[in-house]
Amino acid sequence: MGAVTTDVEVVSAVPAQTIFKGFLLDMDNLIPKVLPQAIKSVEKISGDGGAGTIKKVTLGEVSQFTVVKQRIDEIDTEALKYSYSIIEGDLLLNIIESITSKFTVVPTDGGCIVKNTTIYTPIGDAVIPEDNVKEATEQSGMVFKAIEAYLLANPGLY
């Protein structure tokens, strides 16, 4: 079957730099603060916070999974691009080699568009269940909307 890819675009009233800094660059602090039921904590295992950094993410009670390891693949503050891969953890279900999420934030008048491409790479010929991809996409959207609401309620935070 091969890799499964999803593409999502979300229009936001939050300025591009604020979304980039709050939702992407500071997600390790902001998501556990705003949505501890989704992510309890994030611990840096190695690296300086840039590309190549490995983090341990402890998931909250809304997830059926517990812990994942995440690697930052790219941070481009000029082009407002950020990508990371989930490289280890029970979320991979022993059928997924990695899950890569690539974000680009595009400024608009008074807000931005957040573009997200997620690539689910299976192990060998494994088939990734469509329901799992759909559920993950919905959960990511829920996290984004919660962070967006927090940033709108706290202007000037970033």
Side-chain angles (χ1 to χ4, degrees), residues 3-45 47-63 65 67-87 89 91-92 96 98-121 128 130-158:
V4 176
T5 302
T6 62
D7 289 301
V8 177
E9 288 189 15
V10 179
V11 176
S12 176
V14 177
Q17 283 291 338
T18 302
I19 283 286
F20 187 73
K21 290 177 184 172
F23 178 62
L24 296 170
L25 295 183
D26 198 31
M27 74 170 88
D28 297 351
N29 297 311
L30 200 54
I31 295 174
K33 178 180 178 178
V34 176
L35 283 173
Q37 66 273 29
I39 294 178
K40 287 183 185 176
S41 64
V42 180
E43 172 190 344
K44 186 167 56 172
I45 295 173
D48 61 5
T53 296
I54 305 289
K55 300 183 270 184
K56 174 184 168 187
V57 180
T58 303
L59 303 171
E61 64 268 5
V62 296
S63 177
F65 308 107
V67 174
V68 297
K69 279 191 184 170
Q70 192 181 83
R71 178 189 65 233
I72 298 174
D73 297 321
E74 175 188 23
I75 299 174
D76 184 336
T77 56
E78 302 261 328
L80 301 180
K81 292 183 177 186
Y82 185 98
S83 67
Y84 68 88
S85 296
I86 295 172
I87 55 172
L91 177 91
L92 300 178
I96 302 172
S98 66
I99 302 169
T100 300
S101 291
K102 300 177 180 187
F103 294 89
T104 302
V105 182
V106 179
T108 62
D109 287 337
C112 66
I113 298 170
V114 179
K115 297 179 180 185
N116 173 226
T117 298
T118 302
I119 304 161
Y120 300 81
T121 303
I128 300 168
E130 286 182 40
D131 287 349
N132 290 39
V133 173
K134 182 180 177 192
E135 181 182 345
T137 302
E138 289 171 356
Q139 287 180 350
S140 294
M142 177 202 70
V143 170
F144 177 79
K145 286 299 182 186
I147 297 300
E148 178 188 44
Y150 183 82
L151 293 171
L152 284 168
N154 295 282
L157 191 61
Y158 291 96

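We use all heavy atoms of the structure for the numbers below, so side chains are in, but hydrogens, waters and symmetry mates are not.
Between F103 and Y84, the two ring planes are parallel [angle under 30°; tilted spans 30° to 60°].
Evaluation of the side chain to side chain contact (heavy atoms under 4.5 Å, CB included) rule for S41 yields T58 as partners, not counting sequence neighbours. Under the side chain to side chain donor-acceptor pair (under 3.5 Å) criterion, T117 pairs with D7, sequence neighbours left out.
The line from OG of S63 to CD of E135 is 8.0 Å long, rounded to the nearest 0.5 Å. For the atom pair OG1 of T104 and CG of N116, the computed distance is 9.0 Å after rounding to the nearest 0.5 Å. In this structure, the separation between CD1 on I72 and OG on S85 is 10.5 Å, given to the nearest 0.5 Å. Between the OG1 atom of T77 and the CG atom of L24 there is a distance of 12.0 Å, given to the nearest 0.5 Å. Interatomic distance, CG of D28 versus CD of E43, reported as 11.0 Å (0.5 Å rounding). In this structure, CD on Q70 lies 10.0 Å from CD1 on I45, to the nearest 0.5 angstrom.
Between T53 and G49, the closest heavy-atom pair is OG1-N, 2.7 Å. Among all heavy-atom pairs drawn from S101 and T118, the shortest one is OG-OG1, 3.4 Å. When all heavy atoms are compared, the tightest approach of A79 to D76 is N-OD1, 2.9 Å. When every heavy atom of A51 is checked against every heavy atom of D73, the shortest pair comes out as CB-O, 3.6 Å. Considering every non-hydrogen atom in both F20 and L80, the closest pair reads CE1-C, 3.4 Å. Heavy-atom minimum distance, A38 versus V143: CB-CG2, 4.4 Å.
In this structure the side chain of K33 never reaches within 4.5 angstrom of the side chain of N29, judged on heavy atoms. Side-chain contact between V10 and K145: present, with at least one pair of heavy atoms (C-beta onward) separated by less than 4.5 Å. Counting heavy atoms from C-beta outward, L59 and V67 have side chains that stay 4.5 Å or more apart. Side-chain contact between P15 and T18 is present, with at least one heavy-atom pair separated by less than 4.5 Å. Using a 4.5 Å heavy-atom threshold, the side chains of P107 and C112 count as separate. Using a 4.5 Å heavy-atom cutoff, the side chains of I147 and I19 are not in contact. Between I119 and K102 the shortest side-chain heavy-atom distance falls below 4.5 Å.
Screening I86, T100, I87 for a side-chain contact (heavy atoms from CB on, under 4.5 Å) with R71, the sole residue that qualifies is I87.
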Check the pair I96, I128 against side-chain contact (heavy atoms from CB on, under 4.5 Å), reporting the backbone distance first and the verdict last. CA-CA 7 Å; I96 302 172; I128 300 168; 4.0 Å; yes
Apply the test salt bridge (charged side-chain N to carboxylate O under 4.0 Å, His left out) to residues D26 and K21: give CA-CA distance (whole Å), side-chain angles for both, the deciding distance (0.1 Å), then the verdict. CA-CA 6 Å; D26 198 31; K21 290 177 184 172; over 6 Å; no
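By the 6.0 Å contact criterion, NZ on K55 is enclosed, its count of non-hydrogen atoms from other residues, nucleotides or ligands being greater than 12.
Within the structure, ring pair (Phe, Tyr, Trp, His ring centres under 6.0 Å) contacts touching residues 135-154 (residues at least two apart or in different chains) are F23-F144.
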